[in-house]
Amino acid sequence: MEQKIKNMQHSPSVGLLPIDLERIRADFPILDQIIDGNQLVYLDNAATTQKPRVVINAIIEYYRKYNANIHRGLHYLAEKSTEMYEHTRIHVADFIGGVDPKEVIFTRGTTEAINLVAYTWGEENIKEGDEIVITEMEHHANLVPWIQLAKKKKAILKRIPITFCGHLDQSNINEIITSKTKLLALTHMSNVLGTINPVAELTALAKKHGAVVLADGAQAVPHLKVDVKSLGVDFYAFSSHKMLGPTGVGILYGKKELLEAMPPFNMGGEMIREVSFDHVTWAELPNKFEGGTPNIADVVAFDAALHYLEEIGMDNLRQHEMDLTKYAIEHLSAIPGLEIQGPREVEQRGGVISFTDNDLHPHDISTFLDSKGIAIRAGHHCAQPLMSILGKIATARASLYIYNNEADIDALVKALKGMRRYFGL
Amino acid sequence: MEQKIKNMQHSPSVGLLPIDLERIRADFPILDQIIDGNQLVYLDNAATTQKPRVVINAIIEYYRKYNANIHRGLHYLAEKSTEMYEHTRIHVADFIGGVDPKEVIFTRGTTEAINLVAYTWGEENIKEGDEIVITEMEHHANLVPWIQLAKKKKAILKRIPITFCGHLDQSNINEIITSKTKLLALTHMSNVLGTINPVAELTALAKKHGAVVLADGAQAVPHLKVDVKSLGVDFYAFSSHKMLGPTGVGILYGKKELLEAMPPFNMGGEMIREVSFDHVTWAELPNKFEGGTPNIADVVAFDAALHYLEEIGMDNLRQHEMDLTKYAIEHLSAIPGLEIQGPREVEQRGGVISFTDNDLHPHDISTFLDSKGIAIRAGHHCAQPLMSILGKIATARASLYIYNNEADIDALVKALKGMRRYFGL
Amino acid sequence: MSGSLDEMYRDIILDHYRSPRGHEPLPMADFSTGGHNPSCGDELKLAVKIEDDMVKDIYIDCKGCAISTASGSMLAEVLKGKSIAEAKKIAAIVRGMLKGEDVEIPEDLGDIDALEGVKKFPVRIKCALLAWVTFMEGMENYENGSGEATTTSVE
Amino acid sequence: MSGSLDEMYRDIILDHYRSPRGHEPLPMADFSTGGHNPSCGDELKLAVKIEDDMVKDIYIDCKGCAISTASGSMLAEVLKGKSIAEAKKIAAIVRGMLKGEDVEIPEDLGDIDALEGVKKFPVRIKCALLAWVTFMEGMENYENGSGEATTTSVE
Ligand SMILES: Cc1ncc(COP(=O)(O)O)c(C=O)c1O
Ligand SMILES: Cc1ncc(COP(=O)(O)O)c(C=O)c1O
């Protein structure tokens, strides 16, 4: 640990940043873990991120001082917890560019947020012959709901292909996005290639044809400053657990007019206005989409994660990740037999670095790295169709976040060099 | 606090129990709260319960030592967190009577669990003219999904009425549950009346007619020893947050044959087997119903809640609540102007005590009690149709759990006596 | 709780609650309407007699909590005898005040500023609002010539 | 990780991985079948030549990790020359062993007990299983007279 921090201080690329990486690392208790004699090197951030002490403490504090069910209570704890829960909503609305808090719906995660749209807006608006446009780099969460909806409604699923460099291939875009397009569903940042997609541009095109646009921001909001209004999208989904917050919390942003016109999703308490045995009317936004007791404690604690990110500054975070991604790509590229997926230019990508070895299966890579305390992910990353397009059965993926440093990359690179020797290659 | 514990020790009804109430209370940090100069008296347990230190600590420990995304990871943290997550599933399966862990699906709560069944089993199996039987005492969570499904499918919603004493009125049961019944959806314990319904008996009748049975166990599992197999139900739903566990976790138990035949619900990562752009196959149980990153930390911590309840013993817990409910009903009944809903016999009810004042609105009661540090709930308790049947616009509701003692009841009774004076009645 | 009990249940409020004004039936009303607060179950009936562009008389009956009952009673007391224009202005002011807008309560409105204590109890604000928004909506319908009784809801 | 690296990647495993047996094409196979592990992407082709109720020859090609490749290679080595009955018995034993059942590996199975190290890595067990369950299913189809090639999946 000591050693690593020293390395950091000597590193010009990161040392120039207005962030104090040593202090940041100290905020994450798990990073001190020794696993089988190795210091943990956590490079599986695209799967989920670690939590700073302030987030963990917010959960503790909530349960120790404020826990109650929200919205209907007329007692102190219920008032406090409602206020805290709604405070996070306001904070989220602000964090994604200053939308109306009524447009912020809490879900379990990105997956539920997208399914909510499919089950409500999709169910009512997609008709036979309509076209749904997705991209070839979608995560299953932004793919399977649309495949199934298209099948059910006899709609047509069209896709924007990718180039060899891992960008969206827009050469035939005007044949793909047309007046038949009812929905464009695309990821803001790929969880396999790291590619940052031109969401604003494609949204403008889709809007010209009157389509609705949903962007999957699971990998974008944690790493980029996102302003959903300037993107112009109708729906935007992301997950707390990928941005320092607790598991079990996701966000669906939706434009008010659309949300108001949609039928509700999970039905039960809090989302109704009046119920008789033969007629039900719905509550106003956002309650209409939050039936049942929500994940109150974790929504409350997510506020602390947003604060933490704001304190660092999303621009500083992005700069740090660009520097580190550049460093990583440079050093990984120098390893014989290793192939890196996705764009090379760090301006066009995030810190998700998928790679393969000519001879070794990603699972063996991952198991080997694990024996050195290095956590990466290996597999199809919930993007099976993309794997076949890349011609890979799987990839290994190292993914960065704000607390990673050059020492982490050095450890990865060193281990990968030793790996081929271990397997006798 | 001191004072209260002393009272407890002098109380014969509770003093005889094999539980150490003083120790139990000390396990719940929030109970020490002083609110506006008053010691917190928490009697809103039917809304949500407080959390013992072991549950809070389990969350902390998870985030400090094990946090990772589950199922696909090949590194130490991912293996550990998967193991812990799946361990809770095995524990839940055991807790509800020893079912196959594959039959245990994690959801956000009871509401989502019931909606899952409505969106999947209901969508595929309810046809025009079919009958869905519910009871007049259902929570909106076990009512609105069926009202809407019946409307959509042109099915018929029939209801089992309640008697004046708050029991299900079975006098015409053979006209209500018939060969046309496709689904019987009923609550195991009412969250307004406290009534414990004869689920096994009604399930047997419904099964004779080939119907599927779903029981809402949100208020039952926390307070009674429940064995879903001996109840004979097909589906059973409950929430972690009402039984000492974290918010954001619910359970759907479902019989394997049914779950296997059902289409999936939230679609995305982890719930698929193979995905191509035009075809998707589903993962095996239980993954098929857990698309996306689940609420990992809180599922892991729910295990600690189950352990805690097991250590107390569900029979001891039930005995304590019966004693305390008896004590409460006795003392509340003696207050002039107060009317108590639901059965009188504690063997037939749980510790949910709804009451009204002839002259005061439940909201004024609740606000007044709050000024004395006493947390109860007032309103329709997400059971609007039941309110109209009771002829009430709302009720006040005090609800008990394992950490409540006679001092809590004494404080409630004393405050209620002062209340009428305050309002000049 | 956020405010002290006596801040909300001021003596004036309790007085209106115990002996609500405007309880005399108004058989020849020019319009009658209803209000409803689904989350509380509160229900309110309102009838208004208009003469020479004046609110000649008001009947109000609230099946609700102390706050909504008192608020309705105050409405009956204050608006009776006012011109339609004045009555509408006052209702708008009270609604604004309860919603936390920056409005000033004219001195001559008597008891109404007692409702300000409710603002400290966010969950109860809709109770205080019910009568006022029901009146405003009823009046609007009346002026638009729609004679139908509607139900106004607050949430 | 739950076990040490060398426990899984024993020398025998690495040897089978680097030079897998059963790689010679088998044009006159009596049945051929495929295996698939969707969560890993691993894919396996298997062809078997039967003569006089004996597993005369085996072709196996695995596009997968070291474990699934080595496991398939071991299968080819061990089952070649065995009677159908024996081969089926051995495959069932290996499957049972990997699934944590209480089975004993006969001594004469040579390298196969090297697969036991995989049990300490729960996520990798299905890699080791793939070849064996694919063989079992293929054989069953062959014996039932269904000549069609199927795909066996492990999850
Ligand atoms: C009987 C009953 N059913 C269902 C629910 C809904 O549970 P949840 O809000 O945890 O989804 C509740 C609790 O509010 C309940 O009391
Ligand atoms: C691009 C992308 N979309 C969607 C998801 C799904 O998010 P969650 O599992 O939090 O629902 C993920 C993460 O796994 C992702 O990377």
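Chain naming here is simple, since letters A, B, ... match the order of the sequence lines and numbering starts at 1 in each. Excluded from the calculations below are hydrogen atoms, water molecules and symmetry mates; all remaining heavy atoms, backbone and side chain alike, are included.
Of the listed residues (A:E138, A:M267, A:Q50), the one with the most heavy-atom contacts under 4.5 Å to chain B is A:M267. By number of non-hydrogen pairs under 4.5 angstrom with chain A, the leading residue of B:G292, B:P385, B:C382, B:A141 is B:P385. Most heavy-atom pairs under 4.5 Å with chain B: of the set A:M271, A:E270, A:E136, this distinction falls to A:E136. Between chain A and the options B:D298, B:L157, B:I59, heavy-atom pairs under 4.5 Å are most frequent for B:D298. Taking A:A378, A:P294, A:A383 one by one and counting their heavy-atom pairs under 4.5 Å with chain B, the maximum is reached by A:P294. Between chain B and the residues A:A375, A:A78, A:G291, A:G109, the most heavy-atom pairs under 4.5 angstrom are made by A:A375. The greatest number of non-hydrogen atom pairs below 4.5 Å with chain A, out of B:V299, B:N115, B:T107, B:V55, is found for B:N115.
Here CD1 of B:I56 is found 8.0 Å from CD1 of A:I60. Values are rounded to the nearest 0.5 Å. Here CD of A:E112 is found 5.0 Å from CG of B:N266. Values are rounded to the nearest 0.5 Å. In this structure, CZ in B:R108 is found 8.0 Å from CG in A:N295, a value given to the nearest 0.5 Å.
Using a 4.5 Å heavy-atom threshold, the side chains of A:R53 and B:R64 count as touching. Two residues are said to be in side-chain contact when any heavy atoms from C-beta on lie closer than 4.5 Å; B:F277 and A:I134 meet this criterion. A:W282 is listed as a side-chain neighbour of B:V144, based on a closest heavy-atom distance under 4.5 Å.
In this structure, the side chain of B:Q384 engages the main chain of A:R273 through a donor-acceptor pair within 3.5 Å. A donor-acceptor pair under 3.5 Å links the side-chain atoms of A:R377 to the main chain of B:N69, judged by distance alone.
With a threshold of 4.5 angstrom between heavy atoms, A:Q148 approaches chain B through side-chain atoms but not through N, CA, C or O. Looking at A:L149, there are no atoms closer than 4.5 Å to chain B (heavy atoms on both sides), in backbone or side chain. Of the two parts of A:P264, only the backbone, made up of N, CA, C and O, holds a non-hydrogen atom closer than 4.5 Å to a non-hydrogen atom of chain B. There is no contact between A:I114 and chain B, counting heavy-atom distances below 4.5 Å. Residue A:H241 touches chain B through its side chain alone, counting heavy-atom pairs closer than 4.5 Å. Both the backbone and the side chain of A:I296 come within contact range of chain B, each with at least one heavy atom under 4.5 Å from a heavy atom of that chain. Contact annotation for A:S276: only backbone heavy atoms (N, CA, C, O) come within less than 4.5 Å of a heavy atom of chain B. Contacts between A:H279 and chain B at a heavy-atom distance below 4.5 Å involve backbone atoms as well as side-chain atoms. At a 4.5 Å heavy-atom cutoff, the contact between A:T49 and chain B is made by backbone atoms alone. A:N142 does not touch chain B: none of its heavy atoms, backbone or side chain, sits under 4.5 Å away. In this structure, the portion of A:Q33 lying under 4.5 Å from any heavy atom of chain B is its side chain and not its backbone.
B:Y119 and A:F265 have tilted rings, their planes meeting at an angle from 30° to 60° on a 0 to 90° scale.
In this structure, the side chain to side chain contact (heavy atoms under 4.5 Å, CB included) partners of B:S81, at least two apart in sequence or on a different chain, are B:Y62, B:A68, B:I70. Qualifying salt bridge (charged side-chain N to carboxylate O under 4.0 Å, His left out) partners for B:K151, counting only residues two or more places apart in sequence or in other chains: none.
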Margin query: Before you tell me yes or no, could you show the steps for B:F368 and A:L74 under side chain to side chain contact (heavy atoms under 4.5 Å, CB included), namely the whole-Å CA-CA distance, both residues' side-chain angles and the distance that decides it to 0.1 Å?
Written below: CA-CA 9 Å; B:F368 180 83; A:L74 293 162; over 6 Å; no

Item checked: Evaluation steps, side chain to side chain contact (heavy atoms under 4.5 Å, CB included), between A:V275 and B:H380 -> CA-CA 11 Å; A:V275 178; B:H380 54 61; over 6 Å; no

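Summarising the geometry of A:G269 relative to B:H140, their closest heavy-atom pair is N-CB, 4.0 Å, with the distance given to 0.1 Å. B:G268 and A:T111 make their closest contact through CA-CG2, 4.2 Å (heavy atoms, listed as atom of the first residue, atom of the second, distance).
When A:D370, A:D44, A:T48, A:I30 are each tested for a side chain to side chain contact (heavy atoms under 4.5 Å, CB included) with B:L77, only one passes: A:I30.
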